[in-house]
Amino acid sequence: MTSLPSGGRYVALGSSYAAGTAIGGIKPDTPQRCGRSPKNYATLLAGRLGLQLDDQTCGGATTAHVLGPWNELAPQIAAVNAATRLVTITIGGNDLGYMQNLGGASCNASEGLTYNGKTYPCPALKPPTVQDYARLESNLRAISRKVHAQAPKARLVFVQYVKLVPDAPCPALNLSPEGALLTRSMGESLATITRRVAAETGAQVLDTDELSRDHSPCAAVPWSAGPKPLGPDANTPWHPNAAAHAAIADALEKLLQGAGR
């Protein structure tokens, strides 16, 4: 692996889990709907390593939005060029309806689901199909190959999703046994697919799912919010909080400067 030069170009790709949605505000001069936080792991890492960050992350993004345009937004991967020395990406949950299923699994039928000031009936669980998983894997493989082709000198690191559903969910998560089983399985399958693609395409993986195993929303020191997050740095349901982004930046710094170089 090549080392990262000070001032090297760094492109961050991904969904809200990479953008840091609702943590510490939104970066100036960025699309409001993307929710790019000044406290997300990419920004923290770039500051520590002296890298020039091009943050392309966007809440709600799927792998298709990394590879192709999304309304007024250009393909995220278009920012990756020959001068790029580092690319990180957290993506895939929205391809599978991960957040929607977590919302449905933890929704109280008597209260419904509130979004943007409106209340809706609890959504039904919708397990991903075999085709959904296959499409995700194919797109992840295409992303990795395009990054390597467009930026031959870049290191690509897939950053896994934090673990959200522990083996023994606490009552605060309000998960039915069926919902807990489905969403835990989805998280594990997403992590497995990501590891397989990385191994096949010469990318690296930060095992955030393992690092966060003792920091679920039920833990004394959570790295993610459950269905009812509290505080200014954890106010999006089922998303990583500020502590998670700081921990991910720590782990990425060690990975990039350690034996993997």
Residues which pass salt bridge (Lys or Arg N to Asp or Glu O under 4.0 Å) with E188, listed by chain and number, not counting sequence neighbours: none
Under 3.5 Å donor-acceptor, S185 side chain and L181 backbone: no
Shared hydrophobic cluster for L44 and L252 (ILVMFWY, side-chain gaps under 4.5 Å): no
For R155, the option from L256, V87, T88, V147 that meets side chain to side chain contact (heavy atoms under 4.5 Å, CB included): L256
Smallest separation among heavy atoms of P127 and N101, with atom names: N-OD1, 4.2 Å
Set of residues satisfying ring pair (Phe, Tyr, Trp, His ring centres under 6.0 Å) with respect to H215, sequence neighbours excluded: W223
Heavy-atom closest pair, residues T57 and A18: CG2-CB, 3.5 Å
Smallest separation among heavy atoms of A154 and T84, with atom names: CB-O, 3.3 Å
Side chain to side chain donor-acceptor pair (under 3.5 Å) between W238 and T183, intermediate numbers included: CA-CA 11 Å; W238 296 112; T183 52; over 6 Å; no
R33 CZ to N71 CG distance, which is reported to the nearest 0.5 Å: 5.5 Å
Heavy-atom check, side chain of R184 versus side chain of L175, under 4.5 Å: no
Rounded distance (nearest 0.5 Å) linking atom OG of S212 with atom CG of D207: 10.0 Å
Which atom of A79 lies closest to which atom of D54, heavy atoms considered: CB-OD2, 3.6 Å
Polar contact flag, side-chain donor to acceptor under 3.5 angstrom, S37-N40: no
Any side-chain heavy-atom pair of P237 and P227 under 4.5 Å: no
Single-linkage hydrophobic cluster, 4.5 Å side-chain cutoff, V165 and L190 together: yes
Qualifying disulfide bond (SG atoms under 2.5 Å apart) pairs with a residue from residues 130-199, counting only residues at least two apart or across chains: C170-C218
L49/Q257 under side chain to side chain contact (heavy atoms under 4.5 Å, CB included): CA gap, chis, key distance, verdict: CA-CA 10 Å; L49 299 183; Q257 295 185 328; 3.1 Å; yes
From CA spacing to verdict: side chain to side chain contact (heavy atoms under 4.5 Å, CB included), I89, Q76: CA-CA 10 Å; I89 182 168; Q76 291 187 21; 5.9 Å; no
Side chain R48, main chain E253, donor-acceptor under 3.5 Å: no
Enclosure of K146 NZ (heavy-atom neighbours >12, cutoff 6.0 Å): no
Within one Ile-Leu-Val-Met-Phe-Trp-Tyr cluster: Y17 and W70, side-chain cutoff 4.5 Å: no
Sequence neighbours excluded - side-chain hydrogen bond (donor to acceptor under 3.5 Å, both in side chains) pairs with any residue from residues 159-180: S15-Y161
Test: D209 and R195 ion pair at under 4.0 Å: yes
Donor-acceptor contact present, side-chain D55 to main-chain T43, <3.5 Å: no
With sequence neighbours excluded, residues passing side chain to side chain contact (heavy atoms under 4.5 Å, CB included) with Q131: T129, R135
Donor-acceptor under 3.5 Å (H65 side chain, T62 main chain): yes
Side-chain hydrophobic cluster, 4.5 Å single linkage: members besides I26: none
In one Ile/Leu/Val/Met/Phe/Trp/Tyr side-chain cluster, 4.5 Å: L67, I91: yes
Least distance between heavy atoms, R85 atom then K153 atom: NE-O, 3.6 Å
Q204 side chain vs L255 backbone, donor-acceptor pair below 3.5 Å: no
Pairwise side-chain contact, H245 with K39, heavy-atom cut-off 4.5 Å (strictly under): no
Any L206 side-chain heavy atom under 4.5 Å of L211 side chain: yes
CA sep, side-chain torsions, deciding dist, call: L45, L86, side chain to side chain contact (heavy atoms under 4.5 Å, CB included): CA-CA 11 Å; L45 179 68; L86 173 65; 4.1 Å; yes
Heavy-atom side-chain contact between Q100 and K126 under 4.5 Å: no
M99 and L164, any side-chain heavy atoms less than 4.5 Å apart: yes
Min side-chain heavy-atom separation D95-D132 under 4.5 Å: no
Side chain to side chain contact (heavy atoms under 4.5 Å, CB included) evaluation trace for L140 with T63: CA-CA 7 Å; L140 287 177; T63 53; 3.9 Å; yes
Any side-chain heavy-atom pair of I248 and T90 under 4.5 Å: no
Short side-chain to backbone donor-acceptor contact, N94 and A61, under 3.5 Å: yes
Which atom of S216 lies closest to which atom of P166, heavy atoms considered: OG-CG, 3.7 Å
Side-chain donor-acceptor pair present, S16, H239, cut-off under 3.5 Å: yes
